[in-house]
Amino acid sequence: MEFFDFHHHKKYIRDGIYNLDIDQIPPNSPYSVGIHPNDIDSNNIDHQLNWMRNVMFQNCFAIGECGLDSLVPIDQKIQEEVFLRQINISNEAKKPVIVHCVKKFYEVISFKKKAEQPMIIHGFNKKQKIAEDLLANNFYLSFGKAVLYNLSLQDILKNTPLDKFFLETDNEDFKIEELYLKVSEIKGISVEDLNEQILENLHTIRNG
C-alpha cells in the first residue's frame, strides 16, 4: 500500500507533495511552490513571486509552504505582505495553501478571510486550544513525527475530525508508514480506511 506524504523535502518520494525550494527545477511528481518566511528577499519580492508563477506547472498541487514566523529576521509587515500576495496567487490558480506558522497562529487566522482556497497548517504541534481555533476557522491540520511520541498531540489528533487532517514527514528521517500505523491506532480505524480518508481529503482540498 502506498501512503501519501502531505509535505516532504525528499525528491525520491513520489507519493506525496514535494516542497520545492527557490530556484529548483520542479519534479515530475506533485509539488508545492511558495516563499517560506525565512527565504523572503526584501529587495527582490517581485522577482521571487514571478519565479513562483513561472514554475506552477501541471504537477503543482499547492502554494506553500508560506506564512508567518516570529523567529525569523524578516520584518513582520513584509512577511504579511508576501503571505497575502501568495494567498492571492492561490486564489487565482485555485490551489490550496500549505501554511508555515511559528507563534503567529492568530495572525494567520486573520488572513483566512482573504483566502478562497483551503488552508492547511503543516507540522502542527501546538496546544488543544490553538487546534480548536484553527478547526473552527476551517483550517486543516497536517501532523508529523511528533505524533509518534507526544501524548498531548496524540490527544489533539484523536479529537480532530477525520476529514480535517493530513500526515507528513516534513524534513524528518522516518517512514510515513510508521505515522499511518500510529494514527490508525489513535483513531481506532484500520490503516486502509485511514489511507482512503486521507486521499478523500486530498480530493476535497484540490477541488476547493
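Sequence positions, counted from 1, serve as the residue numbers for this chain.
With respect to K164, the side chain to side chain donor-acceptor pair (under 3.5 Å) criterion is satisfied by exactly one of N201, T204, N138: N138. With H9 as reference, D170 is the one residue of D170, N171, T169 to meet the side chain to side chain donor-acceptor pair (under 3.5 Å) rule. The side-chain contact (heavy atoms from CB on, under 4.5 Å) with F124 is formed by just one residue from the set L157, L153, V99; it is L153.
Counting only N and O atoms by type, the side chains of N207 and K94 include no donor and acceptor under 3.5 Å apart.
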Steps toward salt bridge (Lys or Arg N to Asp or Glu O under 4.0 Å) verdict (D46, R85): CA-CA 10 Å; D46 287 342; R85 290 177 72 177; 2.7 Å; yes
Given V108 and F83, is the side-chain contact (heavy atoms from CB on, under 4.5 Å) satisfied, shown in steps? CA-CA 9 Å; V108 163; F83 186 34; 4.3 Å; yes
May I have the step-by-step check of side-chain contact (heavy atoms from CB on, under 4.5 Å) for D173 and K145, ending in yes or no? CA-CA 9 Å; D173 189 19; K145 189 177 184 180; 6.0 Å; no
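A search for ring-ring contact (aromatic ring centres under 6.0 Å, His included) contacts involving Y180 returns F3, not counting sequence neighbours. Taking N159 as the reference, Q128 meet the side chain to side chain contact (heavy atoms under 4.5 Å, CB included) condition, with sequence neighbours excluded. Residues passing the ring-ring contact (aromatic ring centres under 6.0 Å, His included) test with H100, sequence neighbours excluded: H36.
Formation of a donor-acceptor pair under 3.5 Å by the Q154 side chain with backbone atoms of V147 is found in this model. Between the side chain of N91 and the backbone N or O of E116, at least one donor-acceptor pair lies under 3.5 Å. Not one N or O on the side chain of E65 forms a donor-acceptor pair closer than 3.5 Å with the backbone of N19. Distance alone, capped at 3.5 Å, is enough to place a donor-acceptor pair between the S32 side chain and the G64 backbone. Of the possible donor and acceptor atoms, none in the side chain of D133 sits under 3.5 Å from a partner among the backbone N and O of Y106. Side-chain atoms of Q79 come within 3.5 Å of backbone N or O of D69 as a donor-acceptor pair.
Rounded to the nearest 0.5 Å, atoms CD (E2) and CD (E177) are 8.0 Å apart. How far CD of Q24 is from OH of Y18: 3.5 Å, rounded to the nearest 0.5 Å. Distance CD/E196 to CG/L162: 11.5 Å, rounded to 0.5 Å. Rounded to the nearest 0.5 Å, atoms CD1 (I74) and CG (L68) are 12.5 Å apart. The OG atom of S110 sits 10.0 Å away from the CG atom of N137 when rounded to the nearest 0.5 Å.
By the 4.0 Å N-to-carboxylate-O rule, E132 lies too far from K129 to be salt-bridged with it.
Hydrophobic clustering (ILVMFWY, side-chain heavy atoms < 4.5 Å, transitive): F57 and L49 are in one cluster.
In terms of heavy-atom proximity, A62 sits nearest to K95 at CA-CB, 4.2 Å.
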